[in-house]
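These notes concern the structure reproduced below.
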Amino acid sequence: MPELPEVEVVRRGLDRWTTGRTIAAAEVLHPRSVRRHEAGPADFAGRLAGRTVLSPRRRGKYMWLPLRADAEDEPGEALLAHLGMSGQLLVGKPDREREKHLRVRMVFDDDGHDLRFVDQRTFGHLMVADLVPDAFAAGALVPEPIVHIAADPLEDAFDADAFYGALRRRKTGIKRALLDQSLISGVGNIYADEALWRARLHWARPTETMTRAEAVRVLEAAREVMGAALAVGGTSFDSLYVDVDGESGYFERSLEAYGRRDEPCRRCGTPIRRDEFMNRSSYSCPVCQPKPRRARY
DNA sequence: CTTCGTTCCTGTACGC
DNA sequence: TGCGTACAGGAACGAA
């Protein structure tokens with residue numbers, strides 16, 4: 001499942017393969033993949049044809065390819081992408097076989113490698129969006145549909161004090177807060193569990209009573225674990241998350257909590273527990289991460 | 001306003 | 001072998 005490190009791996013791959021190239025045509029094979037492009041698939045394709053893509057940007061789990069403006073005074077646009085659960089952006093020879101779940105295909109005017117959006121579960125999406133001023137980084141631009149997405153902890157624009165203040169005002173549990181992309185972006189179920197294990201915090205720890213030291217601990221843990229994952233190409237549980245050339249990442253072997261039900265905690269040996277949480281799974285160590293007396297879900 | 005449950009989707013694993 | 005069911009879960013949306 002692509003979270004911040006996996007999306008960053010893909011962003012870097014795109015930077016290498018598509019930056020500066022001009023899209024000749026885009027073909028939408030499944031309308032659901034462009035459902036957030038409200039003007040429809042034909043408009044989506046029309047807005048991309050003839051446009052040159054610039055160096056890709058990322059915030060949290062979203063990435064976007066700015067499109068070179070036709071004229072100086074035109075509002076900027078970008079091709080915005082979210083991989084959802086199973087989305088892949090793949091680069092390869094245009095004449096290779098079509099993937100079973102190929103949803104959108106873009107070819108370039110140099111007849112070189114094409115760009116394909118492949119997505120089994122169709123939770124991901126692509127759209128062309130206007131760029132607007134960023135609420136977090138002065139002078140920067142972000143696609144309008146993601147102005148509500150907070151800076152991620154690997155950005156300079158991330159404000160740890162503001163994050164701590166928001167935690168204290170919230171009446172919820174720390175994991176729910178970590179997964180709330182309007183508070184901190186880029187963290188999904190896997191890295192939330194890993195960060196909480198490293199910070200020795202239970203997922204239901206109420207945020208309104210958290211100390212600054214605890215907040216700093218979980219933030220540092222999130223940065224460390226996502227940085228380490230990025231360094232080895234991300235986490236690939238199955239073939240659903242891959243780089244732009246189809247390669248898997250190697251971080252799965254380094255996971256300490258996620259997916260390790262009944263396996264010994266690598267700090268204390270206690271079997272890792274699995275709890276139901278938000279209709280999904282939460283993994284933690286019963287000893288290192290004791291459940292708080294007043295838990296919040 | 002905040003908080004939280006529901007919903008979308010398809011392939012895999014597993015019990016009977 | 002085949003069928004039904006649980007599970008994987010990001011984030012928009014709507015209800016309370």
Side-chain N,O (A:Arg274) to OP1/OP2 (C:dA8) below 4.0 Å: yes
Which atom of A:Phe158 lies closest to which atom of A:Arg223, heavy atoms considered: CD2-NH2, 3.6 Å
Stacking check A:Phe123 vs C:dA11 (5.5 Å / 30 deg): no
Short side-chain N/O contact to B:dT2 OP1/OP2 from A:Arg176, under 4.0 Å: no
Side-chain N,O (A:Arg32) to OP1/OP2 (B:dC8) below 4.0 Å: no
Donor-acceptor contact present, side-chain A:Arg200 to main-chain A:Gln289, <3.5 Å: no
Distance, rounded to the nearest Å, where A:Arg296 contributes CZ and B:dT3 contributes P: 8 Å
Expected output: side-chain A:Arg105 to main-chain A:Pro94 donor-acceptor under 3.5 Å: yes
Pair of N/O donor and acceptor under 3.5 Å linking C:dG10 base with A:Arg121 side chain: no
Side-chain N or O of A:His101 closer than 4.0 Å to phosphate OP1/OP2 of B:dG11: yes
Residue A:Leu179, side-chain heavy atoms: nucleotide from B:dT6, C:dG10, B:dT3 that is nearest: C:dG10
Distance, rounded to the nearest Å, where A:Met63 contributes CE and C:dG10 contributes C1': 14 Å
Nucleotide C:dA12, atom P - distance to CE of A:Met278 in whole Å: 13 Å
Within the 6.0 Å centroid threshold, strictly below: A:Trp203 and A:Tyr297: yes
Sugar-phosphate, base or nothing in reach of A:His148, heavy atoms under 4.0 Å: sugar-phosphate
Touch class at under 4.0 angstrom, heavy-atom based, for A:Ser281 against every strand present: sugar-phosphate
Phosphate OP1/OP2 of B:dT10 contacted by A:Thr122 side-chain N/O (<4.0 Å): no
Whole angstrom value for the distance that separates P of C:dA6 from CZ of A:Arg261: 15 Å
A:His30 NE2 - B:dT10 C1' separation (whole Å): 10 Å
Salt-bridge contact A:Glu77-A:Arg51 (side-chain N to carboxylate O under 4.0 Å): yes
For atom CD1 of A:Ile146 and atom P of C:dA11, their distance in whole Å: 10 Å
Phosphate contact (C:dA11 OP1 or OP2) by A:Lys61 side-chain N/O below 4.0 Å: yes
Pairing of A:Glu155 and A:Arg59 as salt bridge, 4.0 angstrom limit: yes
Whole angstrom value for the distance that separates C1' of C:dC13 from CZ of A:Arg36: 11 Å
Side-chain N or O of A:Gln120 closer than 4.0 Å to phosphate OP1/OP2 of B:dT10: no
Presence of A:Lys100 side-chain N/O under 4.0 Å of B:dG11 phosphate oxygens OP1/OP2: yes
Side-chain N,O (A:Thr172) to OP1/OP2 (B:dC4) below 4.0 Å: yes
5' priority, DNA chain C, between A:Ile149 and A:Met85 [closest heavy atom]: A:Met85
Value in whole Å for how far the P atom of B:dT7 lies from CZ of A:Arg35: 17 Å
OP1 or OP2 of C:dA12 under 4.0 Å from side-chain N/O of A:Tyr62: yes
